[in-house]
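When reading the values below, keep in mind they use all heavy atoms of this one structure, side chains included, and skip hydrogens, waters and symmetry mates. The structure displayed is predicted, hence computed values, not measured ones. Numbers restart at 1 for each chain; the letters A, B, ... are given by sequence-line order, proteins then strands.
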Number of protein chains: 2
Amino acid sequence: MVSIYDIAKRAQCSTMTVSRVINNTGRISEKTRQRVKAIMKEMNYVPNHAARSLVLQQTKIISLLITDITNPFYTTLARGAEDAAQRLGYRLMFSNSDEDVKKEHEYIETVLSMRVDGVLIAPAGDQSLEHLQKLQLYNIPFVLVDREVPGIESDRVLGDSKEGSKALVEHLIQLGHRRIAFINGSPGISTARMREAGYLETLKLNDIPVNPDYMFETGYSQFDADPIIDKLLSLEEPPTAIFAANNFITLAVIRSLRSRELRIPDDMSIVCFDDLDPGYIVDPFLTIAAQPAYDFGRIGMQMLIDRIQGTANEPRSVILPSKLIVRRSSTEI
Amino acid sequence: MVSIYDIAKRAQCSTMTVSRVINNTGRISEKTRQRVKAIMKEMNYVPNHAARSLVLQQTKIISLLITDITNPFYTTLARGAEDAAQRLGYRLMFSNSDEDVKKEHEYIETVLSMRVDGVLIAPAGDQSLEHLQKLQLYNIPFVLVDREVPGIESDRVLGDSKEGSKALVEHLIQLGHRRIAFINGSPGISTARMREAGYLETLKLNDIPVNPDYMFETGYSQFDADPIIDKLLSLEEPPTAIFAANNFITLAVIRSLRSRELRIPDDMSIVCFDDLDPGYIVDPFLTIAAQPAYDFGRIGMQMLIDRIQGTANEPRSVILPSKLIVRRSSTEI
DNA sequence: CTCAATAGAGTTATCGGTAACTCAAAAGTA
DNA sequence: TACTTTTGAGTTACCGATAACTCTATTGAG
């Protein structure tokens with residue numbers, strides 16, 4: 001592959017002159033500049049990123065670590081991050097941890113090894129603490145998006161899961177529901193804890209006793225809801241509404257209900273966080289707390305680049321509100 | 001950041017010894033190996049990828065360029081590619097060209113600059129030719145997935161768009177349809193051409209005259225189908241079925257039909273390529289030609305790594321069949 | 001006309017790692 | 001015991017680029 005030396009030889013100048021032409025720095029006569037440029041073009045020169053970043057000690061690459069590339073919430077977030085990064089002159093490297101702390105660990109190793117300039121990360125869970133401390137140890141700036149991790153002080157962009165949760169449950173209560181089941185993600189993830197807090201608080205505010213039989217913990221990724229639905233339906237007083245903590249859980253729940261010929265919302269109201277991809281859904285019918293996924297990415301990326309370029313000020317938190325969108329999956333009892 | 005020199009100093013040995021411990025090469029006494037290993041761990045040493053790839057002339061990184069990160073077909077493909085890459089010891093770098101040749105061009109520049117070991121690419125269109133030739137010029141192995149590009153000889157994994165197309169149209173004809181509209185992607189994309197060929201051929205086989213008023217070309221990405229639906233509905237003999245070339249087009253079409261209170265399939269049958277994300281759709285109702293997206297990625301990645309590591313044999317083509325899945329969006333006339 | 005300032009380059013060292021070669025001491029062999 | 005082989009390292013050069021410094025013509029001022 002053609003290097004700066006090849007160009008220099010051909011142009012009968014030093015590599016430094018070529019480097020100056022490439023970077024538009026230093027003093028170069030217009031004549032030389034044009035000659036070198038022509039030769040670079042002719043020889044199809046492409047600078048070697050590794051060599052450059054080795055000496056510059058910066059890569060202009062930012063790593064984006066999300067937990068599920070098939071979840072539209074995250075792909076939308078990714079798009080926001082990508083657009084912002086591009087605008088500010090950085091390249092993005094996506095990775096996908098699959099909600100798996102071990103896989104996340106491997107990616108962090110790569111990220112460290114590549115000396116990326118910063119990391120925008122939706123951590124797999126509280127156990128991500130260790131990875132994040134490693135980033136801190138190496139002074140690699142990072143911003144948490146969507147989820148926080150206890151023990152880590154850093155910039156972050158979070159959704160207001162608790163408020164969103166309260167809005168959803170309040171909505172159900174307004175519709176007359178009092179037997180509201182809650183199927184949550186893993187308590188090892190901050191959003192799940194916040195959503196539970198919102199659920200509990202709203203019940204309390206409305207003097208509805210908490211029924212442990214109505215509460216479940218599962219994963220945010222694909223899973224089978226049948227066992228849970230079984231239990232709920234076999235209760236003496238089955239719930240009239242289900243609050244599912246995210247879109248994946250909702251899908252599993254809906255599938256399970258459908259397979260039993262139960263209709264939504266007639267037989268069961270459903271509310272949840274995050275839309276199924278708005279671009280995809282032919283017929284949006286879920287009542288949701290919609291989070292501004294694109295902004296999560298966009299704002300997170302801006303904060304990250306601020307941090308990379310800027311002075312080391314206090315960690316900032318941005319909390320983005322979610323919006324209650326009432327559709328047909330919830331109805332009066 | 002701690003380098004191999006810091007380790008060497010602390011271990012009182014040469015950098016070469018450290019390098020040998022890292023790579024498990026050369027002759028090292030067990031005692032020294034353990035001592036160096038302990039120090040590396042203690043000092044949290046992480047090898048510098050740039051330095052290493054500079055001297056090794058390989059990065060163990062493969063670039064995956066897809067055209068739309070929000071399209072489940074591509075995210076599923078990406079997952080297949082990722083799994084295969086990981087299994088074979090490579091890291092993946094996703095990028096997203098957004099069906100935009102210019103954006104693709106920028107990513108190719110980055111890819112060249114980073115000297116990745118190979119590129120798995122779903123080209124934005126025929127105009128990608130120029131980028132791909134650049135890859136060829138630099139001897140960077142690449143594999144085309146999903147789409148081919150005239151003028152480029154290379155490994156590739158394609159769907160059998162023509163056969164899939166024929167199956168869909170044949171299915172409609174079997175149901176009694178003869179007025180079948182076809183809303184295609186851009187003719188600058190190979191799959192669109194193949195799908196059109198299948199459409200035309202099947203009509204001909206069944207002695208159905210081609211009606212130019214039934215044929216449209218648009219983009220594979222989000223767009224507004226209203227003008228097209230307007231035209232179709234205002235025809236003297238409006239179609240009874242629509243064949244939409246991909247999932248995005250289908251969505252736009254469905255939205256447009258719904259906004260006119262037209263029911264599917266009662267008022268209009270619809271068939272198309274590619275599922276909306278099977279994991280997402282609450283209630284799959286589209287009749288589709290399903291392509292094995294995961295295998296596109298998996299097989300493509302395997303071919304690519306073969307090519308990177310192996311001998312330079314003839315370019316190989318893998319054609320993956322699509323499967324007709326009949327659901328409720330198509331019915332007898 | 002002389003000397004300082006500036007334009008337009010070139011030299012050298014370095015980033016962090018590894019290949020290829022070298023070399024002394026220990027171990028094996030005749 | 002003397003010589004060869006093996007073990008366990010160290011030295012040096014280089015991958016491709018850039019920072020910092022140096023150097024030589026020009027140019028301009030007085």
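- E104(B) and S128(B) share a donor-acceptor pair across their side chains, judged by distance under 3.5 Å alone.
- Atom P of nucleotide dA19(D) and atom CG of N24(A) are separated by 13 Å, given to the nearest angstrom.
- Here dG16(D) presents its C1' atom at 12 Å from CE of M1(A), a figure rounded to the nearest Å.
- By the side-chain contact (heavy atoms from CB on, under 4.5 Å) test, L137(A) pairs with N44(B), sequence neighbours left out.
- Under the side-chain contact (heavy atoms from CB on, under 4.5 Å) criterion, E30(A) pairs with R33(A), Q34(A), sequence neighbours left out.
- Relative ring orientation between H131(B) and H105(B) is described as tilted, the plane-to-plane angle lying within the 30° to 60° band.
- No side-chain donor from either of E148(A) and S190(A) sits under 3.5 Å from a side-chain acceptor of the other.
- In the model, S317(A) has a side-chain atom that pairs as donor or acceptor with a side-chain atom of R156(A) under 3.5 Å.
- In the region residues 53-62 of chain A, proximity to DNA chain D at under 4.0 angstrom, judged on heavy atoms, holds for L54(A), V55(A), L56(A).
- Residues passing the side-chain contact (heavy atoms from CB on, under 4.5 Å) test with E130(B): none are found, sequence neighbours excluded.
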Take R147(B) and D126(B) through the salt bridge (Lys or Arg N to Asp or Glu O under 4.0 Å) test and state the conclusion after the steps. CA-CA 9 Å; R147(B) 303 169 176 182; D126(B) 292 353; over 6 Å; no

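- Taking the ring pair (Phe, Tyr, Trp, His ring centres under 6.0 Å) definition, one finds that H49(B) meets it with nothing, sequence neighbours left out.
- Listed by chain and number, the residues in a ring pair (Phe, Tyr, Trp, His ring centres under 6.0 Å) with Y74(A) amount to none (sequence neighbours excluded).
- First and last contacts of DNA chain C with chain B, using any nucleotide atom under 4.0 Å from a protein heavy atom and ordered 5' to 3', fall at dG16(C) to dC21(C).
- Scanning for side-chain contact (heavy atoms from CB on, under 4.5 Å) contacts around R91(B) gives E106(A), Y107(A), T110(A), I61(B), with sequence neighbours left out.
- Across its full length, the helix from dC1(C)-dG30(D) to dA30(C)-dT1(D) shows an angle of 40° between the axes of its 5 terminal pairs at either end, rounded to 10 degrees.
- Judged by distance alone, the side chains of T25(A) and N23(A) never bring a donor and an acceptor atom under 3.5 Å apart.
- Residues passing the ring pair (Phe, Tyr, Trp, His ring centres under 6.0 Å) test with F296(A) are F73(A), sequence neighbours excluded.
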How far apart are the C-alpha atoms of D98(A) and R79(B), what are their side-chain angles, what is the distance that settles it, and do they pass the salt bridge (Lys or Arg N to Asp or Glu O under 4.0 Å) test? CA-CA 10 Å; D98(A) 231 351; R79(B) 208 167 253 275; 3.1 Å; yes

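- Listed in residue order, the members of residues 5-16 of chain A having a heavy atom less than 4.0 Å from DNA chain C are C13(A), S14(A), M16(A).
- Against DNA chain D, the stretch residues 27-37 of chain B makes heavy-atom approaches under 4.0 Å through R27(B), I28(B), S29(B), T32(B).
- Of the possible donor and acceptor atoms, none in the side chain of D83(B) sits under 3.5 Å from a partner among the backbone N and O of G80(B).
- Here N23(A) reaches the OP1 or OP2 of dT18(D): one of its side-chain N or O atoms lies under 4.0 Å away.
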